[in-house]
Amino acid sequence: PEKKRKVIGRAFIEVFEEERTLEQLPEKSARLAEHLRRIRRLPHVGDVRGKGIMLGIEMVKDRETKEPATAECAQVLETARDLGLLLGKGGLRGQTIRFAPPLVIDEGDLRWALDHIREVVA
């Protein structure tokens, strides 16, 4: 089993290097952040924050009071799941949608996910 794990690990690293996965990550992260920050204009979005390719969308009932929109966040997650988009939940009151795509996500899948995130948050 140990030898198998080493072989698998080396193969994984080779694929990562061949496909330049880590080199493409800053560009993917920037595109993702830009797209999600446009979502910030929607009425129930209090903030969009994160680092790298892992970002969060904080849902609020009111932008002034920043009251957490826990139920609305849960509904967004349900709707997203029905569309085939798996998102996470975070925040102290479960009001933050976590978007953490795999590092190997391709351009087509990323575009599809971003289109659907805007749709379900709106």
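Just so we're clear, the structure is a prediction, and the values are computed from it rather than from any experiment.
- Heavy atoms from other residues, nucleotides or ligands lying under 6.0 Å from CD of E107 number more than 12.
- Counting heavy atoms from C-beta outward, P68 and V60 have side chains that stay 4.5 Å or more apart.
- Just one of L32, V76, L83, L36 meets the side-chain contact (heavy atoms from CB on, under 4.5 Å) condition when paired with I117; it is L36.
- Ionic pairing of E34 and R37 is not present here: no N-O contact between side-chain nitrogen and carboxylate oxygen is shorter than 4.0 angstrom.
- In the hydrophobic clustering of ILVMFWY residues, with side-chain heavy atoms under 4.5 Å counting as a link, F12 and L103 come out together.
- Tracing side-chain contacts under 4.5 Å through hydrophobic residues (I, L, V, M, F, W, Y), one reaches L25 starting from L55; they form part of the same cluster.
- Within the 3.5 Å criterion, the main-chain N or O of R93 finds a donor-acceptor partner in the side chain of T70.
- Using a 4.5 Å heavy-atom cutoff, the side chains of L42 and R118 are in contact.
- At least one side-chain heavy atom of R31 sits under 4.5 Å from a side-chain heavy atom of L110.
- Atom CG of L87 sits about 10.5 Å away from atom OG1 of T79, to the nearest 0.5 Å.
- A salt bridge links E2 to R5: one of the charged nitrogens lies within less than 4.0 Å of a carboxylate oxygen.
- At least one donor-acceptor pair closer than 3.5 Å links the side chain of R40 to the backbone N or O of V48.
- Residues I53 and S29 come closest through the heavy atom pair N-OG, 3.3 Å.
- For K28, the NZ atom is densely surrounded, since the number of other residues' heavy atoms within 6.0 Å is greater than 12.
- Put simply, CG on L114 and CD on E119 are 12.5 Å apart, with the number rounded to the nearest 0.5 Å.
- No side-chain donor-acceptor contact under 3.5 Å links K89 to the backbone of L77.
- In this structure, H44 contributes its side chain and M59 its backbone to no donor-acceptor pair below 3.5 Å.
- Distance check: E14 CD to E18 CD gives 6.5 Å after rounding to the nearest 0.5 Å.
- Heavy-atom neighbours of R49 CZ from other residues, nucleotides or ligands within 6.0 Å: above the threshold of 12.
- When atom types are taken as modelled, the side chain of R98 and the backbone of M54 share no donor-acceptor pair closer than 3.5 angstrom.
- At least one side-chain heavy atom of V15 sits less than 4.5 Å from a side-chain heavy atom of E19.
- Clustering ILVMFWY residues whenever any of their side-chain heavy atoms sit less than 4.5 angstrom apart, transitively, puts I105 in the very cluster that holds L22.
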From CA spacing to verdict: side chain to side chain contact (heavy atoms under 4.5 Å, CB included), C73, T96 = CA-CA 7 Å; C73 183; T96 303; 5.8 Å; no

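- Criterion: ILVMFWY side-chain heavy atoms under 4.5 Å apart, direct or through other members. Under it, I57 and L86 are not part of a common hydrophobic cluster.
- Rounding to the nearest 0.5 angstrom, the gap separating the CZ atom in F99 from the CD1 atom in I39 is 9.0 Å.
- One finds the CG atom of L85 at 10.5 Å from the CG atom of D109 (value rounded to the nearest 0.5 Å).
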